[in-house]
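Residue numbers begin at 1 in each chain, while the letters A, B, ... track the order of the sequences.
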2 protein chains.
Amino acid sequence: MDQIDTQILKQLQHNAKISMKELATTVHLSSPAVIERVKKLEEQGVIEGYHAKVNIKKMERTIQAIILFKSIDCKSLSAFCNAHPDVLECYRVAGEISYIVKLATYSVETLEEFIDAAMPYGTPSTNIVLSSMEKKVITPFTDNNFE
Amino acid sequence: MDQIDTQILKQLQHNAKISMKELATTVHLSSPAVIERVKKLEEQGVIEGYHAKVNIKKMERTIQAIILFKSIDCKSLSAFCNAHPDVLECYRVAGEISYIVKLATYSVETLEEFIDAAMPYGTPSTNIVLSSMEKKVITPFTDNNFE
DNA sequence: CTTGAAAGGATCTAAGG
DNA sequence: CCTTAGATCCTTTCAAG
């Protein structure tokens, strides 16, 4: 993982569909060289996949919430969340809270349904998302100062 | 947005690099038809982009945390978070909490630095991430029962 | 790692239902 | 709005240095 790999990762995070040829010119290498580097990054598991990002609001999911649980039974809550289609992310955490769920749903009614269904697993504190920011490009820590 | 569009979105969320030809066969259409649908989804903003997913742990960022703020000044906190390289996501929320930050950092020392730097903007409650799940494929709400 | 040539696909266009 | 077929273009691959 040198600086060229870092540049490659930045580009692919920004635009997964860039051609290896174009990527090669932006990092000042030949295409075969870039292709080999990308393959290596994939094999090493540094690149986990390539995904289309969809606008969740256009999927009828107009309400987002982050629910904090002081859970009694994290394993069961985790299983419940993994199976629930409205859940986008969930985190088992150590701190004042024990479990955090981010979800996107359709209406206050469906939100209520979720909360009711999740109640048996812990005490929820619901926070409605007003606005948000999600970073698309993540750099290695050592690159923090090389922007 | 019919069921074919939904299938297309599922596929592209799963694998952004699938060729239009292959995508066409999976949804039982011809490639020109699929290409036109994908273009339309892009123009409508349903598809926001195509991004490589990198393994954050392989980026030296071995510690993840979710920090809850009872903030006094959300605007300033937001600006601070947007500019900070360790922040992955942040949310202005309405609830018991006013601001939520997800970050990935290098060490407890760098975590401490972040907390110290963020203190002026509100009272942080730090939760270290033990394990997590992030959904890669999101379906329209109406598709909840069509899996 | 580079270059250049060869091969294999993918996308695009046009014509038609 | 879809399909099929053909042509073009581009990308990747391969071989040699």
Counted 5' to 3', the first and last nucleotides of DNA chain C within 4.0 Å (strictly under) of a heavy-atom of chain B are dA10(C) to dT13(C)
With Thr6(B), which residues qualify under side-chain contact (heavy atoms from CB on, under 4.5 Å), at least two apart? Met1(B), Lys10(B), Pro140(B), Asp143(B)
Please identify the 5'-most and 3'-most nucleotides of DNA chain D with any atom under 4.0 angstrom from a heavy atom of chain B. dC1(D) to dT4(D)
What pairs of residues pass the side-chain hydrogen bond (donor to acceptor under 3.5 Å, both in side chains) test when at least one of them lies in residues 126-135 of chain B, not counting sequence neighbours? Lys102(B)-Glu134(B)
At a heavy-atom distance below 4.0 Å, what parts of residues 29-45 of chain A sit against DNA chain C? Leu29(A), Ser30(A), Pro32(A), Ala33(A), Arg37(A)
More than 12 foreign heavy atoms under 6.0 Å from CE of Met133(B): is that the case here? yes
Pairs satisfying ring pair (Phe, Tyr, Trp, His ring centres under 6.0 Å), at least one member in residues 58-91 of chain A, at least two apart: Phe80(A)-His84(A), Phe80(A)-Phe114(A), Phe80(A)-Tyr121(A), His84(A)-Phe114(A)
Those residues that, when tested against Lys53(A), pass side chain to side chain donor-acceptor pair (under 3.5 Å) (two or more places apart): Glu48(B)
Note the angle between the end axes of the helix from dC1(C)-dG17(D) to dG17(C)-dC1(D), five pairs defining each, rounded to 10 degrees. 30°
Can you pull the salt bridge (Lys or Arg N to Asp or Glu O under 4.0 Å) pairs that have at least one residue in residues 108-121 of chain B, sequence neighbours excluded? none
Mark yes or no for whether Gln13(A), through its side chain, and Ile138(A), through its backbone, hold a donor-acceptor pair below 3.5 Å. yes
Neighbour count >12 (heavy atoms, 6.0 Å) for atom CD, Glu96(A): no
Are Glu42(B) and Tyr50(B) close enough, and set up right, to give a side chain to side chain donor-acceptor pair (under 3.5 Å), and what steps lead you there? CA-CA 10 Å; Glu42(B) 289 169 356; Tyr50(B) 304 91; 2.6 Å; yes
Scan the side chains in residues 16-28 of chain A for donor-acceptor partners under 3.5 Å anywhere in the protein, sequence neighbours excluded, and list what turns up.
| from | atom 1 | to | atom 2 | distance (Å) |
| --- | --- | --- | --- | --- |
| Ser19(A) | OG | Glu22(A) | N | 3.1 |
| Thr25(A) | OG1 | Glu22(A) | O | 2.7 |
| Thr26(A) | OG1 | Leu23(A) | O | 2.9 |

Under the side-chain contact (heavy atoms from CB on, under 4.5 Å) rule, collect the residues that match up with Ser78(B), sequence neighbours excluded. Asn82(B), Tyr99(B)
Pairs in or reaching into residues 61-84 of chain B: which pass salt bridge (Lys or Arg N to Asp or Glu O under 4.0 Å), with residues at least two apart or in two chains? Arg61(B)-Asp86(B)
